[in-house]
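Single-structure report; data block below.
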Amino acid sequence: MPLSPRAVGTLAAVVTVALWTGFIIVGRASAAHTLTPFDLALVRLLGAAAVLLPWGLWLTRRGGPAHGRGSLWGLSPLPLKPTALTGLFGGLLYSVLCYAGFFYAPAAHGSVLMPGCLPLWAGFLAVPLLGERLTRMRVLALACIALGGAVVGGAGLLTALDGGAVWKGDAIFVCAAFCWSMYSVLARRFALEPVPATVAITAFGVLCYAPLFALGAGLGWLPSHLRAAPWGEIFGQALFQGVGVVVVAGITFVAMIQAFGPVRTTMLTALVPGLSALGAVALLGEPLGWNGVAGLVLVTGGILLGVRAAPPVPPPAASGENAVT
């Protein structure tokens with residue numbers, strides 16, 4: 001028997017939470033290895049592209065989804081406008097920012113600020129882009145999340161007076177969360193299907209980033225240790241970050257958006273901050289200070305409060321009109 005839409009959304013949530021938790025721990029652990037953030041972004045995109053670009057060509061030649069004709073020489077099954085908009089935020093910018101933050105700030109900060117700021121940004125972006133309304137309960141939930149982020153990020157700002165760089169990582173995490181939240185809202189606005197959306201952002205990301213990386217690294221503008229990295233590290237990152245986080249979690253994330261909407265989807269990731277913070281303590285030996293615990297409690301509480309406050313989400317438009325406008 002086929003699963004109900006809600007059951008599919010729940011299963012997608014479990015897979016997404018597991019992979020996002022692993023992504024934060026592995027991303028922080030990567031800072032102690034050879035590859036730079038720019039290398040990791042390239043490996044992530046190339047690993048995903050190896051799976052998704054042939055898939056995109058097949059979808060386009062088959063006639064593409066109901067959203068219309070493909071773009072980017074048939075590599076994206078979506079029209080150029082949704083491909084470029086979602087690819088800019090969900091494929092290109094997020095791929096660079098999410099890894100750069102781990103080179104300055106500990107995993108506990110990333111576990112609070114990235115998943116925690118997702119519902120904060122999505123809640124605000126959904127008002128002008130989707131016409132959603134901020135209820136009192138949702139405002140209270142977002143306030144808890146913002147306070148939790150301030151508790152974590154504020155400690156990083158204090159270290160800046162002593163020459164510390166943790167605040168840079170915190171700021172990058174907040175920007176990464178904004179980019180992914182924008183992608184989630186745009187995916188809902190364009191009524192995108194999970195597979196075409198994931199293919200599109202990967203196609204846009206790799207086609208834009210790979211030439212820029214080659215030029216920047218060749219001229220010495222971008223720090224790169226790709227040539228010095230062991231093949232095992234490169235392949236492992238491509239497999240987990242590219243195939244696991246981008247392909248699998250990318251598809252399940254959009255499936256969650258279909259089932260629950262962008263705001264509630266980002267709030268359903270409430271387990272990610274706690275699991276990844278505890279995983280960083282157990283696996284990486286990173287301390288979880290009082291500010292990390294306080295921020296974790298506030299963010300998780302705000303997310304759970306927001307889930308209860310979120311209204312039922314109607315299904316996206318089946319006609320696909322938004323996707324081609």
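The structure displayed is predicted, hence computed values, not measured ones.
- Interatomic distance, Ile251 CD1 to Met256 CE, rounded to the nearest 0.5 Å: 14.5 Å.
- Rounding to the nearest 0.5 Å gives a distance of 10.0 Å between CG of Leu40 and CD1 of Ile234.
- Here the side chain of Thr60 pairs a donor or acceptor atom with the backbone of Gly74 at under 3.5 angstrom.
- By the 4.5 Å heavy-atom criterion applied to side chains, Leu75 and Val206 are not counted as neighbours.
- Trp121 places no side-chain N or O within donor-acceptor distance of the main-chain N or O of Cys175, the cut-off being under 3.5 Å.
- Following chains of ILVMFWY side-chain contacts shorter than 4.5 Å, one cannot reach Ile25 starting from Leu118, and the two form parts of different hydrophobic clusters.
- Annotation: side chain of His33 is not in contact with side chain of Gln237 (no heavy-atom distance under 4.5 Å).
- Pairing each heavy atom of Ser224 with each of Ala217, the nearest pair is CB-CB, 4.1 Å.
- Within the 4.5 Å cutoff, the side chain of Leu35 has no heavy atoms near those of the Ser30 side chain.
- One finds the CG atom of Leu88 at 7.5 Å from the SG atom of Cys179 (value rounded to the nearest 0.5 Å).
- Nearest heavy-atom pair across Leu45 and Ser95 is CD2-OG, 3.7 Å.
- Taking the six-membered ring where the residue is Trp, the centroids of Phe23 and Trp20 are separated by 6.0 Å or more.
- When side chains are defined from C-beta on, Phe204 does not count as touching Ser76, because their heavy atoms never get closer than 4.5 Å.
- A donor-acceptor pair under 3.5 Å is absent between the side-chain atoms of Arg28 and the main chain of Ala280, judged by distance alone.
- A continuous path of hydrophobic side-chain contacts links Leu80 to Leu78 [ILVMFWY only; heavy atoms under 4.5 Å].
- Two rings, from Phe38 and Tyr99, have their centers 6.0 Å or more apart.
- Among Val195, Leu59, Leu57, the one residue that satisfies the side-chain contact (heavy atoms from CB on, under 4.5 Å) test with Pro77 is Leu59.
- Within the 4.5 Å cutoff, no side-chain heavy atoms of Met182 are placed close to those of Leu85.
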- [ ] Check the pair Asp39 / Phe213 against side-chain contact (heavy atoms from CB on, under 4.5 Å), numbers first and verdict last.
- [x] CA-CA 8 Å; Asp39 296 332; Phe213 176 89; 3.2 Å; yes
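- When all heavy atoms are compared, the tightest approach of Thr198 to Tyr183 is N-OH, 4.4 Å.
- Residues Asp170 and Ala105 share a closest heavy-atom pair of OD1-CB, 3.7 Å.
- No side-chain heavy atom of Val254 sits under 4.5 Å from any side-chain heavy atom of Glu193.
- Between the CZ atom in Phe173 and the NZ atom in Lys168 there is a gap of 14.0 Å [rounded to 0.5 Å].
- Between the OG1 atom in Thr83 and the CZ atom in Phe190 there is a gap of 9.5 Å [rounded to 0.5 Å].
- Ser181 approaches Leu125 most closely through the heavy-atom pair C-CD1, 4.1 Å.
- Leu19 and Leu283 are assigned to two separate hydrophobic clusters, defined by single-linkage of ILVMFWY side chains at heavy-atom distances under 4.5 Å.
- Hydrophobic clustering, with ILVMFWY side chains joined whenever heavy atoms are under 4.5 angstrom apart, keeps Leu222 apart from Leu212.
- With contacts defined as side-chain heavy-atom distances shorter than 4.5 Å, the pair Val43/Leu226 qualifies.
- In this structure, the side chain of Thr202 does not engage the main chain of Leu52 through any donor-acceptor pair within 3.5 Å.
- Contact annotation: the side chain of Phe102 never approaches that of Ile172 to less than 4.5 Å [non-hydrogen atoms, C-beta and beyond].
- Note that CE of Met114 is 5.0 Å distant from CD1 of Ile24, once rounded to the nearest 0.5 Å.
- Note on Val14 and Val272: separate hydrophobic clusters, where clusters join Ile, Leu, Val, Met, Phe, Trp and Tyr whose side-chain heavy atoms are under 4.5 Å apart, directly or indirectly.
- Tyr209 approaches Leu42 most closely through the heavy-atom pair CE2-N, 3.5 Å.
- Within 6.0 Å of OH in Tyr104 there are 12 or fewer heavy atoms belonging to other residues, nucleotides or ligands.
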Task: Audit row: Leu207, Trp73, side-chain contact (heavy atoms from CB on, under 4.5 Å) steps and yes/no - done: CA-CA 11 Å; Leu207 289 179; Trp73 304 282; 4.0 Å; yes
